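One-based numbering along the sequence shown. It should be emphasised that the depicted structure is a prediction, and the values quoted were computed from it without experimental measurement.
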Amino acid sequence: MKRSLARLFAASLAAMAVLCSCGPKMIPEQTMQAIFRESLINQAVLAQLGDQKFVHLDSLDTYSALLHKYGYTMDDLRYSVRKLAVRKSNPIGNLLVNVANDIRLLNEQAQARYRVQLRIDTLAQVATADTLLRDDTVMVGELKKFRFELKAAPEHYYPDATYRIEFDYSTGPHARPYSKTLEYHFYKPGGELRRQGSLWLQSTDPVAHFREEVISYGSVNRFEFTMVESSYGAETIPDTSLVKNFQLTRVWPVKQARKRYYRALTGFIPLNQLYDERYAPKDSTALRPLPPRWER
């Protein structure tokens, strides 16, 4: 009889413990601080991506996902906030201040990493840039007579990239404002026009340096650059323009510049590029060997 009562009492205690554990749990302050911090960052990211179709998350969705990540529920969060709110030490206010300090520190660290990466990318693009055309001839006279051209062999082409145009020039003391432009034409390998546009030349009497960059948006076989001058009536104005040191430079996109710079410094291909070349098929019908981790 005593043994039966003891077993019944033990079972009752176990049942009470289970019932008590089924209620909401208290979230530690450090964990709650991490949840608030990550939730605010996620909401900021979602606000930046709000115009994209795949973003349809509400702030409650972000909280639910984060709480699940840390092993808690919304009921646990509500319970913890109520518990902390009634304390005289005001831990909720201190917690939010700590969250703001964490985000400020993360922002400073991210900006520092961005500045370092920006310097590296700039150095890589400068080091891997290719000078395609350079003309050191000093040309004096009517600006509309100046023309530069670069053409590849019929079976070759210049790849999709950013092309930098720069030269030294002077429009002379008699030039009218906004009367001189540089027109460019990029042609596809088949001879069809790829892209065209105009770049204004500001009036300047002393020699100034002109520099602009144009993205080709596709392969190019021929480049044409022509100086154009707008005429105003029959009035004749002496043109004392000067152009010299014309240069066309190909600037590789950042990702390609990184790879080329890495290879130039080390002599090796970056591992991610080597992996893609060996195992990632560019064509769905191409057969490539399986990566080592998938070999059986």
Side-chain angles (χ1 to χ4, degrees), residues 1-125 253-255 257-258 262 270-272 275-276 280 291 293-294:
M1 184 67 177
K2 291 182 179 180
R3 291 182 179 179
S4 299
L5 290 175
R7 291 175 181 174
L8 181 61
F9 182 71
S12 301
L13 290 177
M16 291 176 62
V18 170
L19 290 175
C20 291
S21 64
C22 291
K25 297 180 291 184
M26 184 68 185
I27 303 176
E29 291 185 25
Q30 292 295 328
T31 304
M32 190 179 299
Q33 179 176 325
I35 292 172
F36 285 162
R37 179 182 64 246
E38 293 185 32
S39 177
L40 290 174
I41 294 174
N42 289 344
Q43 291 178 39
V45 173
L46 291 177
Q48 293 292 327
L49 302 176
D51 295 335
Q52 301 189 23
K53 296 180 180 180
F54 59 85
V55 178
H56 297 288
L57 293 177
D58 187 76
S59 59
L60 290 178
D61 297 321
T62 62
Y63 269 114
S64 300
L66 284 173
L67 289 168
H68 179 73
K69 170 185 173 182
Y70 286 95
Y72 296 99
T73 64
M74 286 297 298
D75 291 337
D76 298 333
L77 180 62
R78 296 189 186 97
Y79 175 78
S80 302
V81 171
R82 284 197 300 267
K83 283 290 187 180
L84 294 176
V86 297
R87 292 186 187 176
K88 294 182 179 180
S89 59
N90 191 21
I92 288 292
N94 297 332
L95 188 145
L96 295 178
V97 171
N98 293 336
V99 168
N101 292 334
D102 289 347
I103 293 177
R104 188 179 299 109
L105 178 60
L106 290 174
N107 181 52
E108 293 175 357
Q109 294 173 349
Q111 289 184 357
R113 288 195 299 270
Y114 172 75
R115 288 193 294 268
V116 171
Q117 188 63 57
L118 185 61
R119 287 197 295 268
I120 295 174
D121 292 342
T122 302
L123 181 61
Q125 287 188 307
V254 171
K255 290 185 178 180
R258 289 176 189 168
Y262 178 89
L271 293 179
N272 57 345
Y275 182 91
D276 292 340
R293 65 172 181 266
W294 295 108

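Formation of a donor-acceptor pair under 3.5 Å by the Asn98 side chain with backbone atoms of Asn94 is found in this model.
Among all heavy-atom pairs drawn from Lys83 and Val86, the shortest one is O-CG2, 3.1 Å. The shortest heavy-atom contact between Asp76 and Lys25 is OD1-N, 2.7 Å. The minimum heavy-atom distance between Ala124 and Ala257, with the atom names listed, is CB-O, 3.8 Å. Here the closest non-hydrogen pair linking Asp121 and Arg258 is OD1-NE, 2.8 Å. Among all heavy-atom pairs drawn from Ser64 and Met74, the shortest one is OG-CG, 4.0 Å.
Expressed to the nearest 0.5 Å, how far CD of Gln109 lies from CG of Asn107 amounts to 9.5 Å. Separating the OG1 atom in Thr31 from the CD1 atom in Ile35 is a distance of 6.5 Å, to the nearest 0.5 Å. Atom CD1 in Ile92 sits 5.5 Å away from atom CZ in Phe36 (nearest 0.5 Å). Here Arg115 contributes atom CZ and Ile120 contributes atom CD1; the two are 13.0 Å apart, rounded to the nearest 0.5 Å. With rounding to the nearest 0.5 angstrom, the CG atom of Asn42 is 5.5 Å from the CG atom of Leu66. The line from CG of Leu95 to CD of Gln30 is 8.0 Å long, rounded to the nearest 0.5 Å.
In this structure the side chain of Asn101 never reaches within 4.5 angstrom of the side chain of Leu105, judged on heavy atoms. Proximity of Ile27 to Tyr70: side-chain heavy atoms (C-beta onward) are nowhere separated by under 4.5 Å. Inter-residue side-chain proximity for Glu38 and Asp102 is flagged as unmet; no heavy-atom pair is nearer than 4.5 Å.
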